[in-house]
Amino acid sequence: EFLRDLISLQNEQGDCVDTRLIKFAQDLVSWEKGTLVPIVGTEGDDEKKQLKIKGTAVIKNGTMVGALDAFATRGISWVTGDVTEGILTIITSQGLATIETTDAKVSKKITFDDSDKMHVKIEVQQTGIIGHATGGAGSGYEKNTEEIQKAIEEEIKKEIYAGKEKLVEY
């Protein structure tokens, strides 16, 4: 039960995938499709050993073909709509800010061009609050709103592309 709670907590932040056993089994026997599952390990000495999510395994054709770090996993989680909360750290011209995501919605549109090449447009609508700021990034909010929004957009885009690039490798 503790492991289930740990995975659920990490999944809400997008740092871990939450895979149900039945879905995992279905994806595992589907040879044309891969699946993602958390990599769980322990850390600490014998007296203070703790479970920790160490990444996300990419499984294809019944074999682990690679692993995603938390950054790439969150990119995939943005695309699948699994990020519901979490922290984004952004840099603006005014300094560093952490944004607490309080809600996120994802819409996807798939189109094909004349050569049947698929194009996917992903739109993320993220709502959050400034949790901490240094160097004036959070001050003069009205003045900095546009820059903060642009920095959030760029950070989410980086995470999505990191996940995409890793999955393309595998």
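Model, not experiment: these values are computed from the prediction.
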Per-pair distances, 0.1 Å, donor-acceptor, side chain in residues 108-117, under 3.5 Å, sequence neighbours excluded:
from	atom 1	to	atom 2	distance (Å)
Lys108	NZ	Val79	O	2.9
Asp113	OD1	Ser115	N	3.0
Asp113	OD1	Ser115	OG	2.9
Asp113	OD1	Asp116	N	3.3
Asp113	OD1	Lys117	N	2.9
Asp113	OD2	His119	NE2	3.0

To the nearest 0.5 Å, tell me how far [X] [atom1] sits from [Y] [atom2].
X      : Y      : atom1 : atom2 : result
Ile90  : Lys150 : CD1   : NZ    : 12.5 Å
Gln125 : Ser107 : CD    : OG    : 6.5 Å
Asp103 : Glu85  : CG    : CD    : 10.5 Å
Trp78  : Ile156 : CH2   : CD1   : 4.0 Å
Thr73  : Leu68  : OG1   : CG    : 4.5 Å
Thr35  : Lys60  : OG1   : NZ    : 12.0 Å

>> Let's go through Ile39 and Met64 carefully: what are the C-alpha distance in whole Å and the side-chain angles of both, what is the deciding distance for side-chain contact (heavy atoms from CB on, under 4.5 Å) to 0.1 Å, and is it a yes or a no?
In response: CA-CA 11 Å; Ile39 299 171; Met64 182 174 158; 4.0 Å; yes
Test item: [X] and [Y] side chains (from C-beta on) under 4.5 Å apart, heavy atoms:
X      : Y      : value
Thr56  : Ile76  : no
Ile99  : Gln126 : yes
Val65  : Ile59  : no
Ile148 : Ile152 : yes
Leu167 : Val58  : yes
Val120 : Met118 : yes
Leu88  : Arg74  : yes

> Are the side chain of Glu123 and the backbone of Val106 linked by a donor-acceptor contact shorter than 3.5 Å?
Replying inline: no
> Under 3.5 Å, is there a donor-acceptor pair between the side chain of Asn61 and the main chain of Thr63?
Replying inline: no
> What's the verdict on salt bridge (charged side-chain N to carboxylate O under 4.0 Å, His left out) for Lys158 and Glu154, showing C-alpha distance, side-chain angles and the deciding distance?
Replying inline: CA-CA 6 Å; Lys158 277 190 236 174; Glu154 289 301 315; over 6 Å; no
Kindly give the heavy-atom pair with the smallest separation between [X] and [Y], and that separation in Å.
X      : Y      : result
Ala151 : Ile91  : CB-O, 3.9 Å
Lys166 : Ala67  : CE-O, 4.0 Å
Thr101 : Ala104 : CG2-CB, 4.4 Å

>> Suppose we screen for side chain to side chain contact (heavy atoms under 4.5 Å, CB included). Which residues come up paired with Thr42, at least two apart in sequence or across chains?
In response: Lys49, Leu51
>> Just by distance, no angles: are the side chains of Glu147 and Ser93 close enough, under 3.5 Å, to form a donor-acceptor pair?
In response: yes
